[in-house]
Protein chains: 2
Amino acid sequence: MYEKYVKILKDHTLKITSPRLEILKYLDEHHTHPNVEEIYSTLKKKYPSLSRTTVYNSLEILKKNRIVQSLTISGSELRYDIDERLHHHFICTHCGAILDISISCPNMDKTIQGGHRVEEVQGYFKGVCKKCQTKEKGMNNNG
Amino acid sequence: MYEKYVKILKDHTLKITSPRLEILKYLDEHHTHPNVEEIYSTLKKKYPSLSRTTVYNSLEILKKNRIVQSLTISGSELRYDIDERLHHHFICTHCGAILDISISCPNMDKTIQGGHRVEEVQGYFKGVCKKCQTKEKGMNNNG
DNA sequence: TTCTATTTTGTAATAATTACAATTTAGTTT
DNA sequence: AAACTAAATTGTAATTATTACAAAATAGAA
Ligand SMILES: [Mn+2]
Ligand SMILES: [Mn+2]
Ligand SMILES: [Zn+2]
Ligand SMILES: [Zn+2]
């Protein structure tokens with residue numbers, strides 16, 4: 001059940017703890033780029049002793065070890081992604097959903113830009129998602 | 001002195017007010033991608049009645065009118081840029097500086113990605129800036 | 001089993017942003 | 001030029017996300 005996540009932690013010589021395993025499992029099963037609150041409130045139900053601070057601490061350590069990546073796309077809160085590979089994201093300003101965008105980008109692999117050492121690259125698109133556009137059109141027929 | 005900013009506001013049929021003119025002037029003279037606090041605390045000195053809320057409100061309206069753009073690059077606060085053209089940014093995790101990156105990108109102009117309507121594109125690089133790397137090297141010679 | 005550095009936990013503090021109502025004012029109308 | 005009004009400004013309070021911190025618990029080593 002948790003062997004997969006135990007292995008990830010061991011490979012990074014991190015201690016195996018319940019919060020870390022639960023958080024990894026949650027992210028692995030929910031590729032919705034959740035924020036801390038979503039992760040915390042969901043896990044809190046099955047694991048009542050969990051502390052919000054632990055979720056912050058754990059995600060911080062997972063990020064430092066490049067097991068997860070954090071997205072600053074929303075502007076108000078960090079969103080987390082267990083897929084640490086470099087890929088683009090789209091955020092819908094209407095429903096808030098954050099979606100993966102699969103496009104190739106020549107600037108992704110750069111380790112230097114303008115003489116600066118690059119350690120992280122983020123490509124963000126913001127707008128209205130396909131689903132919300134459909135809803136918008138449907139709405140217009142009701143008035 | 002302020003004619004340039006008056007024209008910008010008029011062109012967008014926005015009311016000409018002191019806070020708006022001051023904020024525009026500040027952004028025009030400081031291409032450092034400042035946050036609200038920087039703008040507020042600087043302008044407050046010359047314009048003591050200025051309210052922090054007004055800075056938030058004004059930037060919001062300028063953004064809606066595409067006169068400025070906001071960057072979510074830092075993850076803890078919005079940064080503002082009077083250059084509303086699409087360009088990439090680099091943030092130094094050491095000194096916090098946000099710098100413009102001039103590169104061409106084939107994904108910049110897309111108005112649709114994965115079926116979603118794109119209204120904003122942001123390309124972020126994060127790492128250690130040229131200046132901070134020089135400082136790092138210098139530091140090593142002192143131990 | 002004991003030990004200890006690390007992690008977890010809960011609470012308090014901080015920082016950024018938003019909500020809101022009262023006051024002021026830019027631009028229009030008279 | 002005075003009156004009007006919708007919009008903008010202001011100050012304060014509330015909210016939200018995150019960080020600081022110290023005590024308790026515990027994973028993994030000895
Ligand atoms: Mn993703
Ligand atoms: Mn810029
Ligand atoms: Zn949507
Ligand atoms: Zn730097």
Side-chain angles (χ1 to χ4, degrees), chain A residues 2 5-24 26 33-41 43-65 67-68 70-80 93 96 98, chain B residues 2 5-24 26 33-41 43-65 67-68 70-80 93 96 98:
Chain A
Y2 290 92
Y5 313 115
V6 169
K7 177 167 171 27
I8 292 174
L9 293 175
K10 278 194 175 156
D11 287 351
H12 290 81
T13 59
L14 293 173
K15 286 194 180 171
I16 317 302
T17 67
S18 296
R20 290 174 182 176
L21 293 174
E22 294 293 342
I23 290 168
L24 281 176
Y26 185 85
H33 312 94
N35 62 12
V36 167
E37 199 56 30
E38 282 167 37
I39 298 169
Y40 169 72
S41 59
L43 296 182
K44 182 81 174 174
K45 292 169 193 162
K46 294 192 175 182
Y47 176 11
S49 79
L50 181 67
S51 163
R52 190 179 273 105
T53 301
T54 298
V55 178
Y56 277 101
N57 290 342
S58 301
L59 287 168
E60 175 77 16
I61 284 187
L62 293 176
K63 182 176 158 60
K64 274 187 184 156
N65 283 270
I67 296 168
V68 306
S70 66
L71 311 180
T72 62
I73 191 170
S74 99
S76 67
E77 56 187 10
L78 291 181
R79 298 296 206 102
Y80 290 89
T93 53
I98 295 177
Chain B
Y2 291 93
Y5 313 115
V6 169
K7 176 167 172 29
I8 293 173
L9 293 175
K10 276 193 176 157
D11 287 350
H12 289 82
T13 57
L14 293 173
K15 284 192 179 173
I16 317 301
T17 69
S18 296
R20 291 175 182 177
L21 293 174
E22 295 293 342
I23 290 168
L24 281 176
Y26 185 84
H33 312 93
N35 61 16
V36 168
E37 199 56 31
E38 283 166 38
I39 300 169
Y40 168 73
S41 59
L43 296 182
K44 182 82 176 174
K45 292 167 193 162
K46 293 191 175 180
Y47 176 12
S49 80
L50 180 66
S51 164
R52 190 179 273 105
T53 302
T54 299
V55 180
Y56 277 100
N57 290 342
S58 301
L59 288 168
E60 174 76 16
I61 282 187
L62 294 175
K63 182 177 160 56
K64 274 188 186 157
N65 282 270
I67 296 167
V68 306
S70 66
L71 311 180
T72 62
I73 191 170
S74 98
S76 67
E77 54 187 11
L78 290 181
R79 298 294 208 102
Y80 290 88
T93 52
I98 295 176

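First the proteins, then the strands, lettered A, B, ... as listed; each starts at 1.
- I23(A) has its side chain within reach of V55(A): a pair of non-hydrogen atoms, C-beta onward, lies under 4.5 Å apart.
- Checking side-chain atoms of R79(A) against main-chain N and O of I73(A) turns up no donor-acceptor pair under 3.5 Å.
- Side chains of T54(B) and T17(B) form no contact here, defined as non-hydrogen atoms less than 4.5 Å apart.
- Remark: P of dA16(C) and CD of E60(B) are 18 Å apart, rounded to the nearest angstrom.
- We find that CD1 of I23(B) is positioned 13 Å from C1' of dT10(D), with the value rounded to whole Å.
- Taking atom CD of residue E37(A) and atom P of nucleotide dT16(D), one finds them 10 Å apart after rounding to whole Å.
- Taking atom CD on E22(B) and atom C1' on dA8(D), their separation rounds to 16 Å, with Å as the unit.
- Taking atom CG of residue L78(A) and atom C1' of nucleotide dT16(D), one finds them 13 Å apart after rounding to whole Å.
- When heavy atoms are screened at a 4.0 angstrom cut-off, N35(B) is found touching no nucleic acid atom at all.
- Using a 3.5 Å distance cut-off with no hydrogens or angles, the side chains of E22(B) and Y5(B) do not pair a donor with an acceptor.
- Distance CD (E77(B)) to P (dT18(C)): 13 Å, rounded to an integer number of Å.
- Side-chain atoms of S74(A) and T72(B), non-hydrogen and from C-beta on, never get closer than 4.5 Å to each other.
- Taking atom OH on Y56(B) and atom P on dT15(D), their separation rounds to 17 Å, with Å as the unit.
- Taken residue by residue, residues 43-55 of chain A places heavy atoms nearer than 4.0 Å to DNA chain C at Y47(A), S49(A), L50(A), S51(A), T53(A), T54(A).
- To the nearest 0.5 Å, atoms OG (S41(A)) and CG (N35(A)) are separated by 8.0 Å.
- Straight-line distance from the CD1 atom of I61(B) to the P atom of dA26(C): 15 Å, rounded to whole Å.
- For residues 9-18 of chain B, proximity to DNA chain D is found at K15(B), T17(B), defined as any non-hydrogen atom under 4.0 angstrom from a strand atom.
- Within 6.0 Å of NZ on K10(B) lie no more than 12 heavy atoms contributed by other residues, nucleotides or ligands.
- Side-chain contact check for I67(A) versus D11(A): every heavy-atom pair is 4.5 Å or farther apart.
- Proximity of L78(A) to L59(A): side-chain heavy atoms (C-beta onward) are nowhere separated by under 4.5 Å.
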